[in-house]
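Structure record follows, encoded as structure tokens.
Below, all heavy atoms of this structure are taken into account, side chains as well, without hydrogens, waters or symmetry copies. Small disclaimer: the values here were computed from a predicted structure and weren't measured. So that the names make sense, note that chain A is the first sequence line, chain B the second, and so on, each numbered from 1.
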Amino acid sequence: MQTEPAFRAYDPAAIEPKWQSHWDATKAHEVRDDLPREKCYYVLEMFPYPSGKLHMGHVRNYSIGDAVARYKRMRGFAVLHPMGWDSFGLPAEQAAIERGAHPKKWTYENIAYMRGQLKRMGFSYAWSREFACSDPGYAAREQDIFLDLVEKGLVYRKSSMVNWSTGLNTVLANEQVIDGKCWRTGAPVIQKELPQWSVRITHYAEELLQSTYDLPGWPDAVLIQQRNWIGKSIGAEIDFTVDGRADLKITVFTTRPDTVFGVTFLSIAPEHALLDKIVPASHKAAVDAFKAEVRTVSTQDRTGDTAEKKGVFTGAYVISPVNGERVPLYAANFVVADYGTGAVMAVPAHDTRDFAFAQKYNIAVKQVIVADGKEPSALDEAFTEVGTVVGSAQFNGQRSDAAKVAITDWLASSGKGRKTITWRLRDWGISRQRYWGNPIPFTYGQSGGAVPLRKQDLPVTLPDDVRFDGIGNPLEKHPTWATTANDGSPLTIRTATGPEAARRETDTMDTFMQSSWYFARFTCADAKEPLDKKRVDHWLPVDLYIGGIEHAVLHLLYARFFMKALSDVGYGTVREPFKRLLCQGMVCMETYQRDLGDNKKQWFYPDEVDVTVDAKGKVIGAKAKTDGQPVAVGRVEKMSKSKRNTVDPQSLIDTYGADTARLFILFAAPPERDLEWNPDGVIGANRFLKRVWVLVQENLAALRATTAFAGHAKDVTGADQAVVRKVHATIKRATDAMEKDFSFNTTIAACMELMNELKPDTLSAPVFKLGVTTLLRLLAPMVPHITNELWSDLGNDGDLTIAGWPSFDAAQIDADDADYPVQVNGKMRGKITLPRSLSGPALDQAVLAHPDVVAIIAGRPVKKLVVILHKIVNLVLG
RNA sequence: GCCGGGAUGGCGGAAUUGGCAGACGCAGGGGACUUAAAAUCCCCCGGCCGCAAGGCCGUCCGGGUUCGAUUCCCGGUCCCGGCACCA
């Protein structure tokens, strides 16, 4: 007779949507703003760009965040866990150009679809706080904040060089310039000077730098990257007068004022403003030719790896302020106009690059620092270390690091130089010549000056009736938008002589602006004003922020800057946005490829190849199914469509359910590490969930009929006692992982171990129930659907959030006896068991008296006995 | 070039503070159930030697500290990420 299971099968497609509807209907994950802060927790994942559908990187990011959010709720915290959309940006305009879809329509359709996917994953967001950056409400309030920044002097307009596509008539980002050509049209990209709106992030350079030493919850890698990016450099400016032109001086910036007596030439940026005034007629042609040559090369090629260090003698000489020596002035391609002063004093003896340049152009090398106790001698390479100063007048004999200060002070006292700090960090240019962004709330009168809008004239909203042909900025080409006020009348500004016709700024803001304060808006998404100071101060800083490390110096630096600026314009007192930062690794997968020559590769989807393995299961080759010919098993690389190594989360959910997807992704690797996708591993995760399901369903009646064991491990014996101890040990491991390093992989491993010991045949019903209920509670943050379903099947009323995270008793973890591995001279030789309570000399005696130990010693003299309590015994024998 | 991170079985990974290396999972091998397959369950699973008991080797490589090193120190190799003529 056919044996039908007496219970229903595990069917994620049925139970998962059921719980998701329940959470929606009961608004289970909304949170109050008025509870004591110490009972509150704000966990946030980087919000997505609504590109169309979730990718596996999102699933990983949000699975990690959701596990933390649900864990904290189980611990009784009021958890703020919001979600929104980083919805301005270029892909929407690309879609408009390529498919004729309006950016707004395309964006909001994508949002609707992806919101559905997030809900189908069971992520516990406070959906009432959701917004998209392109929502009029958010964009308008950002304009409001922008005007506050203008008021505070943190916004200005200046001309700067940009990559300009001659094909698209628009500015391109550096990464959109390929081989000096436009990525889309292939048209030449030129360097063009354009007025750009900039935000004064450099105003906060020092605070941004110093605070990195006060962010213990951030990974060092990110902090170090930010410090390097900010690039504080302490040195001196030194003035060199132009020979024969007492009215002109060239100021250099150097971090090595101690080597100033060794200067044998100066290098200056080809774009330097003074150059034209200095170059004599005899050298004008050569210098102009060099300038033209430099200009044709894109910045990246000029400063790239392979770029040759080149220069040209300008025909001019400068006079050293320290010894009156006359040294030549070179224009050099490696000197950057907008760093330092755009001119460098060259000391070939003590700078590697200057040394190479001097060799190439046959310029003198003058050594002014020697290794301690050595004499100057001909140099094969630059000596860049600290040493003793020579050839430097009254500074001879000093240590070179001390001479830095002494020489700077001496120069300062005579007005020829000064101590200076330079920064690598530049102000943030936010102008983008694009439609799908937040308009910059400025206008231009007929006289040309830029005038900020008044707050009552906000918001500036994007017109819907725009055409996308891929050329230029649709806002600029719109017939009326730029000249029409919000009430439909012609746009004017007030001047001393009365109203004057005006035209709107048609540039929109960099989308990093929106992501710089969205986390603050989540605390008060319903506020009329841009930010509700009280709630901002209540919730911020975010307790845990989770996202990819690729944002280490862009988004994460901008957001830190914005928080300080927001505070300075009155939106709260918090100056750092994120208390703890978790950077998750990439999601990767094996690739299959065939080299077609010419640097071209053909990539294969995993289901297009057959993989062969050897007797141990090691992959030894692969063949294409279509032609049976070999394909190379490529490296494990970040999932990308071009390499055909992606897995669509939706198909995963459809096949195995959200819980399996979440469990696998949390189990396969710790959060910070790259995760290698493994389809077999997914099956394994699913198998584990099924086993949990069957374990409960098979024993449902017995489980419902009893209450979980609540006594002490010492009250029971045998398998019961072992399981009670295991329960406490597992809770401890899981709790430590959640609190310390979010190592969900080991938490899941511990849960698997616990389940492997839950044998209903050998356990009393109460202990079995303790094991099962503990297992469900520990797994609940990671796989909320199946655990809540089973919890409910066990006859519980409330869900697992209410049931709470279990607590452990450390005293019940360890057995009465302790195992001591026995080593001889550091090599394993046996194992003995002794009472855990033994310690000190009594323990030593018990060890030596143990028959196994006596046998191991075999009469040899014990030179030393090492006994580490509850850990190990090591006998040092002669 | 500079800065940062990493290297552990066939694979992903574990190992608390210097104390039994390889937890847990995947793959692989063997078995049970089945007419058969799938699913499920049980056993084995770092390498070498050995019938076995057991022994030797083993955490990228070479040294060192220590009773004891995957862990700490010194030197090197390779891989990944970031920055880069930044004066």
Side-chain angles (χ1 to χ4, degrees), chain A residues 219-229 231 233 235 252-256 267 269 302-305 307-310 332-336 338-347 351-354 356-357 422-424 549-550 552-553 585-586 590 613-620 635-636 663-664 667-670 672-685 687-688 690-691 694 732-733 736 740 743 745-756 819-831 863-877:
Chain A
D220 283 339
V222 173
L223 295 175
I224 288 164
Q225 271 189 61
Q226 292 211 351
R227 281 173 211 144
N228 291 341
W229 186 266
S233 179
V252 300
F253 172 73
T254 182
T255 55
R256 295 296 305 275
S267 337
R302 179 175 152 190
T303 60
D305 209 0
E308 189 189 353
K309 291 169 187 49
K310 275 200 238 176
N333 64 350
F334 56 82
V335 183
V336 183
D338 58 354
Y339 180 79
T341 60
V344 187
M345 66 177 216
V347 186
D351 180 277
T352 312
R353 191 186 53 207
D354 293 345
F357 195 86
T422 10
W423 304 85
R424 211 188 80 97
I549 197 166
E550 64 270 22
V553 287
M586 298 182 296
E590 202 161 64
V613 296
D614 66 12
K616 288 179 179 169
K618 185 182 183 179
V619 174
I620 50 176
R635 303 194 318 172
V636 173
L663 186 74
F664 170 72
F667 181 54
E672 302 87 347
R673 214 181 293 193
D674 286 350
L675 181 150
E676 186 181 338
W677 194 265
N678 177 356
D680 293 324
V682 175
I683 295 169
R687 190 181 298 155
F688 171 68
K690 276 190 210 160
R691 289 177 65 203
V694 169
K732 181 178 190 310
R733 273 180 74 179
D736 286 351
K740 270 164 38 192
S743 52
N745 55 329
T746 58
T747 300
I748 293 166
C751 288
M752 289 172 167
E753 283 183 43
L754 174 59
M755 195 192 67
N756 289 342
D819 283 341
Y820 285 91
V822 179
Q823 298 182 334
V824 173
N825 297 338
K827 285 185 186 294
M828 285 298 306
R829 282 297 178 267
K831 192 176 283 186
K863 279 163 66 177
K864 185 170 180 179
L865 173 68
V866 180
V867 180
I868 307 297
L869 187 65
H870 302 156
K871 290 252 166 86
I872 206 160
V873 170
N874 192 8
L875 303 157
V876 184
L877 301 182

- Task: Look at the aromatic rings of His870(A) and Tyr820(A) and report parallel, tilted or perpendicular, splitting at 30° and 60°.
- Result: tilted
- Does OP1 or OP2 of rA14(B) have a side-chain N or O of Arg673(A) closer than 4.0 Å? yes
- Query: Shortest non-hydrogen contact from Gln226(A) to Ala552(A)?
  - Reply: NE2-O, 2.8 Å
- Task: Please determine, for rA7(B), whether a Watson-Crick or G-U wobble partner exists with both distances under 3.5 Å, and give it or none.
- Result: rU77(B)
- Message: Is there a side-chain contact between Thr746(A) and the phosphate of rG13(B), meaning an N or O under 4.0 Å from OP1 or OP2?
- Response: no
- d(CD, Glu590(A); P, rG12(B)) in whole Å: 10 Å
- Item | Of Gly684(A) and Asp338(A), the one whose closest RNA chain B nucleotide lies more 5' | Gly684(A)
- Task: Under the side-chain hydrogen bond (donor to acceptor under 3.5 Å, both in side chains) rule, what do Asn756(A) and Arg691(A) come out as? Steps first, then yes or no, please.
- Result: CA-CA 10 Å; Asn756(A) 289 342; Arg691(A) 289 177 65 203; 3.2 Å; yes
- Note on the structure: 5' to 3', nucleotides 16-21 of chain B under a 4.0 Å protein heavy-atom cut-off (B base, S sugar-phosphate only, - none) gives ---BBS
- Which whole-number value in Å describes the distance from Ile224(A) CD1 to rG4(B) P? 6 Å
- Thr341(A) side chain vs Phe253(A) backbone, donor-acceptor pair below 3.5 Å: yes
- Within the structure, does a side-chain N or O atom of Asn756(A) lie under 4.0 Å from either OP1 or OP2 of rG25(B)? yes
- Have a look at Asp354(A) and say if it touches a base, only the backbone sugar-phosphate, or nothing, with a 4.0 Å heavy-atom cut-off. nothing
- Mind checking Ser233(A) for me? I need base, sugar-phosphate or nothing, with any heavy atom below 4.0 Å counting as a touch. sugar-phosphate
- Can a side chain N or O of Arg687(A) be found less than 4.0 Å away from OP1 or OP2 on rG25(B)? no
- Query: Is a donor on one side and an acceptor on the other found under 3.5 Å between the side chain of Arg829(A) and the backbone of Gln823(A)?
  - Reply: no
- Is the side chain of Asp674(A) donor-acceptor paired with the backbone N or O of Gly585(A) at a distance under 3.5 Å, no angle test? no
- Testing rG12(B), rC86(B), rC41(B) for proximity to the side chain of Arg691(A), the answer is rC41(B)
- May I ask you to evaluate whether Asn745(A) reaches the phosphate of rC24(B), defined as a side-chain N or O under 4.0 Å from OP1 or OP2? no
- Ring centres under 6.0 angstrom apart (Phe667(A), Phe688(A)): no
- Item | Under 3.5 Å on both distances, the Watson-Crick or G-U partner of rC67(B) | rG19(B)
- Task: Provide, to the nearest angstrom, the distance between the CG atom belonging to Leu223(A) and the P atom belonging to rG5(B).
- Result: 12 Å
- Item | Minimum-distance nucleotide (side-chain atoms of Pro670(A) versus rC83(B), rA14(B), rG12(B)) | rA14(B)
- Note on the structure: Heavy-atom closest pair (Asn874(A) atom, Asn825(A) atom, distance to 0.1 Å) is OD1-N, 3.4 Å
- Message: What I want to check is whether an N or O donor and acceptor connect the side chain of Arg256(A) with the base of rA87(B) at under 3.5 Å.
- Response: no
- Which listed nucleotide (rC24(B), rC85(B), rG82(B)) is nearest to the side chain of Gln225(A)? rG82(B)
- Task: In whole angstrom, give the distance that lies between atom CH2 of Trp423(A) and atom P of rC83(B).
- Result: 20 Å
- Item | Arg829(A) side-chain N/O to rG54(B) phosphate OP1/OP2 under 4.0 Å | no
- Note on the structure: The residue, Ala668(A) or Asn228(A), whose nearest nucleotide of RNA chain B is more 5′ is Asn228(A)
- Query: rA27(B) P sits how many Å from Ile683(A) CD1, rounded?
  - Reply: 7 Å
- Message: Just the rounded figure in Å: distance from P of rG25(B) to CZ of Phe667(A).
- Response: 7 Å
